[in-house]
Number of protein chains: 2
Amino acid sequence: MTRLAHRIDMLDEGVERARQIVPDLPVAEVTLARLLLMVGGGLQEELERKLKPHKLGDSDFRTLIALFSHPDGSSTPSELCQFAAQGPTNMTRITNALVKRGLITRGHSEADRRQVVIRITADGRRFVRKLLPPMFPRAHAYFAGFSEADKRHLGRLLRKLAANLDHLDADAQR
Amino acid sequence: MTRLAHRIDMLDEGVERARQIVPDLPVAEVTLARLLLMVGGGLQEELERKLKPHKLGDSDFRTLIALFSHPDGSSTPSELCQFAAQGPTNMTRITNALVKRGLITRGHSEADRRQVVIRITADGRRFVRKLLPPMFPRAHAYFAGFSEADKRHLGRLLRKLAANLDHLDADAQR
DNA sequence: AAGATATAGTTCATGGGTGAATAAACGTAG
DNA sequence: CTACGTTTATTCACCCATGAACTATATCTT
C-alpha cells in the first residue's frame with residue numbers, strides 16, 4: 001500500500017487545486033471527510049491483514065465476536081446482521097463458512113420456525129480466545145502518542161459525526 | 001441502513017461484555033477503532049448514494065476528480081492509482097468505463113511507450129463542474145455543530161493516526 | 001551491444017458484497 | 001378460519017476490487 005502520509009499530501013494539494021477552479025468548495029470539510037475515509041480504509045486494511053492468516057475477513061470476525069460476547073453464545077442471523085452491519089445475503093454466506101469450519105452451529109428455533117439459531121461452539125470460543133490477545137498490542141499502537149484527552153475528543157467527535165449522518169439519512173428518507 | 005446511533009450502542013455494550021470475558025481488552029482503543037471504521041463506512045455509503053444517480057462509484061469519482069484538479073487535465077494510470085488508492089487492475093476497468101462515457105480519453109505517451117496518457121475531455125470537465133456544487137451543502141451538513149476548533153482537532157488526530165498506521169506498516173515490512 | 005532486471009498496463013480467475021426474487025412461517029383483520 | 005400482509009432466511013445474478021500471470025517497453029549491468 002502507498003503510505004498514508006503521501007496520500008494525505010496528495011489530498012491536500014488536490015483539494016487546494018480544486019478550490020482554485022471551484023472557489024466555493026468547502027476545503028476544510030472535504031479534506032476532513034476524505035481524511036476520515038482514508039484513515040478508515042487504512043485501518044480496515046491493517047485489520048484484515050492481521051486476520052488473513054486465520055482465514056477470516058473482518059465481517060466474519062465481527063460475526064464471531066458478536067456471538068462470543070453474547071450472553072449465551074447464541075443469536076439469529078437477523079440479529080447478527082444488525083451487529084455486523086451486513087445484509088442477510090452476506091450473513092448466509094458468512095455463517096455457511098463458519099459452520100463448515102466448526103466454529104458455529106446452525107439450528108432451528110422451536111419458538112419461531114422461520115428463525116435460525118446460531119450458536120458458537122467450544123472450538124469457536126477457543127479460537128476467539130487465542131485470536132484476541134495478540135491484537136491488543138496493535139490496538140494500543142494505533143493510538144500511540146494519544147493523550148487520554150485526545151482519545152476522549154476523537155470519540156466525541158466521531159459520535160457527533162455519526163449523529164449528523166443519521167440525521168441526514170432520516171431526512172433523505174422523507 | 002441501520003442507524004449508526006444504534007450500532008454504536010451495540011458496539012459499546014459488546015465491547016463491555018467482551019471485556020468481562022477477556023479482562024485485558026483495551027476498551028478505549030478498540031471502541032475508537034471500531035467507531036472510526038463504522039463512521040467511515042457510513043460516510044462512504046452516504047457518498048456512494050449521492051453518486052449513484054450519476055452512475056459513478058467513489059473510485060470513479062476520485063479518478064475523475066484527480067484528472068480534473070490536475071494542472072493540464074492529464075495523467076497516467078499509475079499516477080492515478082496512487083491518488084485514488086486503487087490497484088492497476090481496477091484502474092484499467094475504471095478508465096475503460098470513463099472512456100466509454102466520453103469523460104476521458106486514452107492515448108499513448110511518446111516519451112515512454114509503455115505509458116498510457118489519460119486526459120479529461122471537455123465533456124468530463126463540464127460533468128464535474130455540474131457534479132460538485134450540489135455536494136457542498138452535504139459536506140457542510142456532515143460537520144454541523146462542529147466548531148472550528150473541533151475540525152482542527154479532528155484533522156490533527158486523524159493525521160496522527162495515519163502516521164501511526166504508516167509506522168506500523170513500515171515495521172511489518174522489515 | 002546483450003542479457004538480466006524492472007516497470008506499465010492488461011487479462012483472467014476469484015473473492016467479497018449487494019439487490020431482487022423466492023419460499024416458508026408467522027401475525028392479523030375480517 | 002381464511003386471506004392478506006410481514007418477517008426470516010436463502011438463492012441467483014450481478015458489481016466492484018484484488019492477486020497472479022502475461023506482454024511490451026525501458027533501464028541497468030557488464
Whole angstrom value for the distance that separates P of dC16(D) from CG of Asp60(B): 7 Å

Expressed in angstrom and rounded to an integer, what is the separation of Asp112(B) atom CG from dT7(C) atom C1'? 8 Å

For Glu79(B) and dA8(C), give me the distance from atom CD to atom P, rounded to whole Å. 11 Å

NA contact type, Pro77(A), heavy-atom cut-off 4.0 Å: base, sugar-phosphate, or nothing? sugar-phosphate

Within the 4.0 Å heavy-atom criterion, would you say Thr92(B) contacts the bases, only the backbone, or no part of the nucleic acid? base

Six-ring centre of Phe127(B), Arg101(B) cation under 6.0 angstrom, axis tolerance 45°: yes

Could you check whether Thr121(A) and Asp123(A), counting side-chain N and O atoms only, form a donor-acceptor pair closer than 3.5 Å? no

Considering only nitrogen or oxygen atoms on both sides, find all protein atoms under 3.5 Å from nucleotides 13-16 of chain C and state each distance.
none

Looking at Arg49(A) and Asp169(B), does any basic side-chain N land under 4.0 Å from a carboxylate oxygen? yes

Taking only side-chain N and O atoms of Gln115(A), does any of them lie within less than 4.0 angstrom of OP1 or OP2 on dC26(C)? no

Once you round it to whole Å, what is the distance between C1' of dA17(D) and CG of Leu56(B)? 17 Å

Nearest whole Å is fine: how far is dG17(C) P from Glu48(B) CD? 15 Å

Is it true that Arg156(B) and Asp150(A) have a side-chain N and a carboxylate O under 4.0 angstrom from each other? yes

Starting at atom NZ of Lys52(B), determine the distance to atom C1' of dC14(D), rounded to an integer number of angstrom. 11 Å

CG on Asp112(B) to CD on Glu110(B), rounded to 0.5 Å: 10.5 Å

Rounded to the nearest 0.5 Å, what separation is found between the CD atom of Gln86(A) and the OG1 atom of Thr95(A)? 11.0 Å

Are any of the side-chain nitrogens in Asp12(B) or Arg159(A) under 4.0 Å away from the carboxylate oxygens of its partner? yes

With no hydrogens and no angle check, is any side-chain donor or acceptor of Arg19(A) less than 3.5 Å from a backbone partner on Leu25(A)? no

Quickly work out the His108(B) NE2 to dT25(D) C1' distance and round it to whole Å. 14 Å

In whole Å, what is the span from the CE atom of Met91(B) to the P atom of dT11(C)? 15 Å

Please determine if a side-chain N or O atom of Arg49(A) lies less than 4.0 Å away from the OP1 or OP2 oxygen of dT18(D). no

Report the end-to-end axis angle of the helix from dA1(C)-dT30(D) to dG30(C)-dC1(D); each axis comes from five terminal pairs, and the value is rounded to 10°. 20°

For Gln86(A) and for Val117(B), locate the closest nucleotide of DNA chain C by heavy-atom distance; then report the residue assigned to the nucleotide nearer the 5' terminus. Val117(B)

Test item: His153(B) side-chain N/O and Ala149(B) main-chain N/O as donor-acceptor pair under 3.5 Å: yes

Can you see if the side chain of Arg113(A) gets near the phosphate of dA25(C) - specifically, an N or O under 4.0 Å from OP1 or OP2? yes

